[in-house]
4 protein chains.
Amino acid sequence: MERIVAAGRGVLVEHGYDAFSTNRVATAAGISPGSLYQYFPDKAAILDVVIDRYWEEVAERVAAALSERIADFGPGMVRDTADALLSALEADRELLRVVAEELPIHRSRERRAALERRVRELAATYLAARRESTRRPDPATAAWVVVLAVENLAMRWVLDQPAAVTRDALLDEMVALVGGYLLA
Amino acid sequence: MERIVAAGRGVLVEHGYDAFSTNRVATAAGISPGSLYQYFPDKAAILDVVIDRYWEEVAERVAAALSERIADFGPGMVRDTADALLSALEADRELLRVVAEELPIHRSRERRAALERRVRELAATYLAARRESTRRPDPATAAWVVVLAVENLAMRWVLDQPAAVTRDALLDEMVALVGGYLLA
Amino acid sequence: MERIVAAGRGVLVEHGYDAFSTNRVATAAGISPGSLYQYFPDKAAILDVVIDRYWEEVAERVAAALSERIADFGPGMVRDTADALLSALEADRELLRVVAEELPIHRSRERRAALERRVRELAATYLAARRESTRRPDPATAAWVVVLAVENLAMRWVLDQPAAVTRDALLDEMVALVGGYLLA
Amino acid sequence: MERIVAAGRGVLVEHGYDAFSTNRVATAAGISPGSLYQYFPDKAAILDVVIDRYWEEVAERVAAALSERIADFGPGMVRDTADALLSALEADRELLRVVAEELPIHRSRERRAALERRVRELAATYLAARRESTRRPDPATAAWVVVLAVENLAMRWVLDQPAAVTRDALLDEMVALVGGYLLA
DNA sequence: TATGAATGAGAATTCATTCAT
DNA sequence: TATGAATGAATTCTCATTCAT
């Protein structure tokens, strides 16, 4: 079963989503196609586990970084969280490419939404607790804006690797973006 | 050929990407499947044109709004541009949903990148010309950040329709985000 | 399409129901498996047509014989109708074997029920018109009994070919059975 | 092994022939699929035993009734035997439905033939002994006719439950059919 | 230019059977 | 004796593409 998931991830990374057929996954796992169905009800279930695992891992890393820094608001926290997100996304850029660009998004939707919600709630709670340190009226909305903006910037940077923007510069810009916004 | 593209768009909107088969598109266009290949080398080409047209239209609208306001920098310009983008995305929410969530993203990639580049360059030029009015060191990077953030926020808002964020509130937040960032 | 039905009939007769696979039928028809689906929605539809045709043919023959003789009730009519039924069943004993014994009955059910109903109604009408010539109280019931008994006897005789019963003897017994019953 | 046969009968009745897979039977029997093959050479063997048992039981009941009445020929004997057959078939209508309509008949063939033979021989013997009480020339043929007709009528009545024919009426008709035939 | 029947490789899935433990 | 994971051939059905008319 672990072998199957690993094989699925492998097929996705090596051959792309279009080649993600049960036969290919089975072959890659070194088992027969029939055996797949002893562990998974159908093809989609395999894909789901692969995707779930991926976002789960990313979420774990980011949540860890965020929790650690929850005490001291400010540029440091934003930077570290963004850094953690970047690292998590950089860890398996190939899989990110497939998951984020090759798969129909609705496959990742739920998992990604969960990741966003998790971080957003943390952020909203924090912002609500420090109302005085931001000029944004609604913490929930502010959290929604910040999380979406940072997430997308991070993903596009990892995926597109824009030559003009170094990793450090990106982090600087993110800090400026979030800082400026919350204090605007 | 116009009929084919229209039929393709129709199939996409009515039946979704999974039903986007050459036979169905041909039927919807009122021609035979063989005739498709007189105008398009393969299925992907039809899809590409449909997608291209979509983003082209969005780009047109946004660029128009941006050009109009290029003279007076400031909250007004950001707001109006974002407003134009929102309107453009709202115009065909169903197609947006299919294009942005159902299709593998890499199909839209190039066209969307073109749209972003276009707006980004406009923005970068503008920022470069008004170096004194921003604290961000690199206009190109700043434009990249601003465009990506606003685009993603707009798309997610149109797609997810978060109950807690009204259209006006969204525009306010965008203005705050961009304003705060550029002046941070 | 005619070729497909013929091929289906052929496969059924030559190889039996278990071998009635879409690929085999396609091969037997000298076409590719995909072409099957241009004419039939699924495998069952092909089988249905083969079965329908078979019972239709049998029904036609029997109804013809029955109509011809409807004027003169009596041993002659029964004998001729039974004869026609026997001939119809003997015409393609191999297919009868498959249709009646190899296929799950519920596949033939409707068609066979139609055949029975057709003959039964003819018989019931006739019996009702000649109430005085039978001692059975209910024409509908009598028709049900007669038709089922004769049909089954005929089918089993054709299928089992009991050595002890010649064709003529069978017809004699049928006449005696029906005659004795209606006058009992 | 008893458990397997019982489970097989259960699967047949609850889920139908299509669901009669080795895995399901094994599960229903509370054993593993592999263990099936310790008691039966293959899937067909299990089915055979289930079917055999069924017809065996029916045969037992009918033979018992027939033996009991063998002394006094006449309407009473026919009626009681037919009654016994009806009761036997009514006892497990669900299984009858599966065995007679869902299964390919040739699976039941041998066992059913045995049942028929058994009753037929009893009847033939009896008829031979009372030559004077029938006008039919050949006892064997007469027995064949009578047994097939009554059996089929009974089965169809139980299976189709024709509203117009009550149980008692059916028995009356059978008596009339057999009586009229033998004396015709 | 247009047709549309024909193609055929390839997809997901099932299930009777085996065999190492 | 019992297990149950593993097998893998076989099944039904789809669909992008072709090509003779």
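Chain letters run A, B, ... following the sequence lines, proteins first, then strands; residues in each count from 1. The structure presented is a predicted model; accordingly, all values stated were derived computationally and were not measured.
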Proximal nucleotide (of E:dA16, E:dT13, E:dT7) relative to the C:Gln38 side chain: E:dT7
Without swapping roles, check the side chain of C:Arg111 against the backbone of C:Trp55 for a donor-acceptor pair under 3.5 Å. no
Taking for each residue the nucleotide of DNA chain E with the nearest heavy atom, is it C:Ser35 or D:Asp42 whose nucleotide lies nearer the 5' end? C:Ser35
Among F:dA16, F:dA5, F:dT3, find the nucleotide with the atom closest to the side chain of D:Ser32. F:dT3
Could you check which of E:dA11, F:dT17, F:dT12 has an atom nearest any side-chain atom of B:Pro33? F:dT17
Hey, which sits more toward the 5' end of DNA chain F by its nearest nucleotide, A:Ile31 or C:Asn23? A:Ile31
Every stem of 3 or more Watson-Crick or G-U pairs under 3.5 Å that DNA chain E joins, in order of first number, is E:2-21 with F:2-21
Crowded around A:Glu94 CD? As in, over 12 foreign heavy atoms under 6.0 Å? yes
Between P on F:dT11 and NE2 on C:His15, what's the gap in Å once rounded to a whole number? 12 Å
Under a 4.0 Å N-O cut-off, is there an ion pair linking A:Asp92 with A:Arg97? no
Calculate the interatomic distance between A:Lys43 atom NZ and E:dG10 atom C1'; express it in whole Å. 11 Å
Let me know the distance between CG of B:Asp18 and P of F:dC13, rounded to the nearest Å. 19 Å
Heavy-atom closest pair (D:Pro104 atom, C:Glu102 atom, distance to 0.1 Å) is CB-O, 2.9 Å
Using modelled atom types and a 3.5 Å cut-off, is there a donor and acceptor pairing between side-chain atoms of A:Arg9 and backbone atoms of A:Val50? no
B:Leu47 CG - F:dT17 P separation (whole Å): 12 Å
Below 4.0 Å: OP1/OP2 of E:dC15 and any side-chain N or O of D:Thr22: no
Assess the residue pair B:Val5 and B:Phe40 against the criterion (side-chain contact (heavy atoms from CB on, under 4.5 Å)); give the C-alpha distance rounded to whole Å, side-chain angles, the decisive distance to 0.1 Å, and a yes or no. CA-CA 10 Å; B:Val5 175; B:Phe40 295 93; 4.0 Å; yes
For F:dT3, does either OP1 or OP2 sit under 4.0 Å from a side-chain N or O belonging to D:Tyr37? no
What is the distance from CG of B:Leu36 to P of F:dT17, rounded to the nearest Å? 10 Å
Name the residue closer to the 5' end of DNA chain E, choosing between A:Phe20 and B:Gly34 according to the nucleotide with the nearest heavy atom. B:Gly34
Residue D:Tyr39, side-chain heavy atoms: nucleotide from E:dA6, F:dT1, F:dT11 that is nearest: F:dT1
What is the separation between atom CE on C:Met1 and atom C1' on E:dA6, rounded to the nearest whole Å? 17 Å
To the nearest 0.5 Å, what is the distance between CD on A:Gln38 and CD1 on A:Ile31? 9.0 Å
